[in-house]
Amino acid sequence: MQRYIKIYVKVNSDFDSTGYMLPRTITWSDGRTFKIEAVKDFRPASTLGGCHSGDCYTIVVQGEERYLFFEKTGSLFASRIGRWYVEKPLAG
């Protein structure tokens, strides 16, 4: 079974009038920024380890489908609603 780690990333998002969150760009820790060309799917998904609720977005970046996750923090931090991450396979 493949194991993964979370890589937290900066994501710029828009919110429409219904409150739907639409990710637009991803910025890696080294400063590289990539445009999200399309959001093909969205679904609720628990995070790795199942310790947080969240959402999974199927996105297109540089012509390739990828998964982008939003990890909800819950009510513990009133001004922080969550964090974005991607999954990276562990070298094995």
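In terms of heavy atoms, Leu68 sits closest to Pro23 at CD2-CB, 3.9 Å. Of all non-hydrogen atoms in Gln62 and Glu37, the two that sit nearest each other are N-OE2, 2.9 Å. Between Tyr57 and Met21 the shortest heavy-atom distance is OH-O, 3.2 Å.
The OG atom of Ser29 sits 8.0 Å away from the CD1 atom of Ile7 when rounded to the nearest 0.5 Å. Atom CG of Asp14 and atom CG of Leu22 lie 6.5 Å apart (nearest 0.5 Å). Atom CD of Glu65 is separated from atom CD1 of Ile59 by 10.0 Å, given to the nearest 0.5 angstrom.
At least one side-chain heavy atom of Val9 sits under 4.5 Å from a side-chain heavy atom of Trp84. Ile26 places a side-chain heavy atom less than 4.5 Å from the side chain of Ile36. With a 4.5 Å cut-off on side-chain heavy atoms, Lys6 and Glu87 do not count as touching. Using a 4.5 Å heavy-atom cutoff, the side chains of Phe42 and Phe70 are not in contact. Using a 4.5 Å cut-off on side-chain heavy atoms (C-beta onward), Asp55 and Glu71 make no contact.
Tyr67 OH: 12 or fewer foreign heavy atoms inside a 6.0 Å radius.
Here the two rings, on Tyr8 and Trp28, have centers that are 6.0 Å apart or farther.
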Exercise for review: Carefully, step by step, assess Arg24 and Lys35 under the rule side chain to side chain contact (heavy atoms under 4.5 Å, CB included).
Suggested key: CA-CA 6 Å; Arg24 297 294 189 180; Lys35 180 182 182 217; over 6 Å; no

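Residues Glu64 and Arg66 are paired through a salt bridge, judged by an N-O separation under 4.0 Å between the basic side chain and the carboxylate.
Cluster annotation: Val11 is connected to Ile81 through the hydrophobic network of ILVMFWY side chains, with a link wherever side-chain heavy atoms come within less than 4.5 Å.
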